[in-house]
Number of protein chains: 2
Amino acid sequence: MQPRRTAIIDAAARLINERGFSHTSVDELIVAAGLSGKSHFYHYFKSKEELGFEVLERQFSRFADRGLAILREPMIEPLDRLSLFIDTIVALQRERDARNGSPFGNLAGELADSHEGFRKRLDEVFRQWAGQLETLLKEAVSQFREGVHPGRLALFIVAALEGGMLLTRVTRDAVVMAGIGEDLKGFVATHLRNRHPERQIAGPFETEGAQ
Amino acid sequence: MQPRRTAIIDAAARLINERGFSHTSVDELIVAAGLSGKSHFYHYFKSKEELGFEVLERQFSRFADRGLAILREPMIEPLDRLSLFIDTIVALQRERDARNGSPFGNLAGELADSHEGFRKRLDEVFRQWAGQLETLLKEAVSQFREGVHPGRLALFIVAALEGGMLLTRVTRDAVVMAGIGEDLKGFVATHLRNRHPERQIAGPFETEGAQ
DNA sequence: GCATAATAGGACCGATCGGTCCTAATTTCA
DNA sequence: TGAAATTAGGACCGATCGGTCCTATTATGC
């Protein structure tokens, strides 16, 4: 992959994340990426749509390398990793001052019904995300009580996080995401064996009862 | 309110819900609403943007009258109402064959960062929604254990539902929403007093542990 | 040293868009 | 019965858009 092309995709990712794919013109992408003009842009990309797909790939690749990497940390207990992962997402929303939501959620919200190609790729992205969460939850299955389905729990976690980022973006209030992060940890904690809500047990998933 | 204007807004709501506000042209809105042409459209609305706001108001008004009305049913126990409310959302996703997501989530995802007017109104909409959930949860507070914050729990429920509708829309799988609905009920059930996950207790919030 | 790639900086195209303005017919209302 | 509202059915406008095509210079690689 040419480093210049990657730099262009990164610059485009930032702008598209901020304004949405349709509300970002090729001219604006050219300026953001420091290209000289249309020829330059179309030298690297067949079309705006192709860039859109590359942006999605790039964002997921970074998310997998950075965000989801926490889930694969062998030196940390599985549920501690999940807690850290949630903390990372909460911290990111705070860093961004509650703006821009989730790159995947944004694209999904904008294009899922009007662009089948994007919808399918986003479907895969979310399934891969949920799949990695499921893998982690399976590692912790001995800590779970009877009847916990890692796959279902994983989907719920993705939904809650995406919904949290959407609400945070609309309300412009990072505290919203912080609260949802805490509650989500509390939710996961309710799946543990021998858990008594009235007893305070130290650990990231033993919060003060979805407070 | 003129009945014809209302009918136009309803037709527009369906199309905008399906394609998104920006991907729906005034010409398409004219056809969908059975208007004769641009003059006709601009007779009723100052601009496309004005129609957009009316659509949002209309959708929230209907949601309040139908969806959220369940939460205010005096003859049903508070938590039973919540369960019914969740069931309604799950059923609606199934009815729509997992398409179109949430009208508010869709608009939020598309316009929250690019149209401050819509973002503000959507912020109010979500706060009103969460506020009504909070009111209901306060009615059930005697059933909750120590340390449950209705406001926070309400926000979490909204986030999980919105996230669930987004995921359902992207995956085109209504089972996704059904699972999230069940898990959400299970989660609310964990806030109850004297609840033992290993004991099966009849009731909408005593599911087989987030199965 | 030369061919190729990258960069430069657009003009221009057809298409689409929101909105204005037009003539005209029909319906409604007082 | 006549004025006003609604309906009819656009043409047209300026703006924006994605993309093609153009001349030209500079940088790179062999």
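Chain A is the first sequence line, chain B the second, and so forth, proteins listed ahead of strands; every chain is numbered from 1.
- Sequence order on DNA chain D of the closest nucleotides to A:Thr24 and A:Ser39 puts A:Thr24 first from the 5' end.
- Whole-Å rounding puts the A:His115 NE2 to D:dG18 P distance at 13 Å.
- In this structure, B:Lys48 reaches the C:dG18 phosphate: one of its side-chain N or O atoms is under 4.0 Å from OP1 or OP2.
- Remark: side-chain polar atoms of B:His43 are not paired, donor with acceptor, to backbone N or O of B:Ser39 under 3.5 angstrom.
- In this structure, A:Arg4 reaches the C:dT7 phosphate: one of its side-chain N or O atoms is under 4.0 Å from OP1 or OP2.
- In this structure, B:Lys48 contributes its side chain and B:Thr24 its backbone to a donor-acceptor pair below 3.5 Å.
- Note: NE2 (B:His23) to P (D:dT16) measures 18 Å, nearest angstrom.
- Side chain of B:Thr168 to backbone of B:Ala98: no donor-acceptor contact under 3.5 angstrom is found.
- Remark: P of D:dA15 and CG of A:Asp27 are 16 Å apart, rounded to the nearest angstrom.
- Using a 4.0 Å cut-off between a side-chain N of Lys or Arg and a carboxylate O of Asp or Glu, B:Arg121 and B:Glu57 qualify as a salt bridge.
- For the pair B:His40 NE2 and D:dA5 C1', the computed distance is 10 Å after rounding to whole Å.
- Nearest nucleotide to the B:Tyr44 side chain, out of D:dT7, C:dA6, D:dG18: D:dT7.
- Distance from the side chain of A:His43 is smallest for C:dT7 among the nucleotides C:dT7, C:dG19, D:dA8.
- Per the geometry, CD1 belonging to B:Ile30 stands 11 Å off P belonging to D:dG10, to the nearest Å.
- The existence of a salt bridge linking B:Lys46 and B:Glu54 is excluded, since no basic side-chain nitrogen approaches an acidic carboxylate oxygen closer than 4.0 Å.
- At whole-Å resolution of the value, OH in A:Tyr42 and P in C:dA5 are 21 Å apart.
- Between the CZ atom of B:Arg19 and the P atom of C:dC17 there is a distance of 10 Å, rounded to whole Å.
- Comparing C:dG9, C:dG18, D:dC17 against the side chain of B:Val26 picks out C:dG18 as the nearest.
- Side-chain atoms of A:Lys38 stay outside donor-acceptor range of the base of C:dG10, with no qualifying N/O pair under 3.5 Å.
- In this structure, B:Phe45 places its CZ atom 12 Å from P of D:dT6, rounding to the nearest Å.
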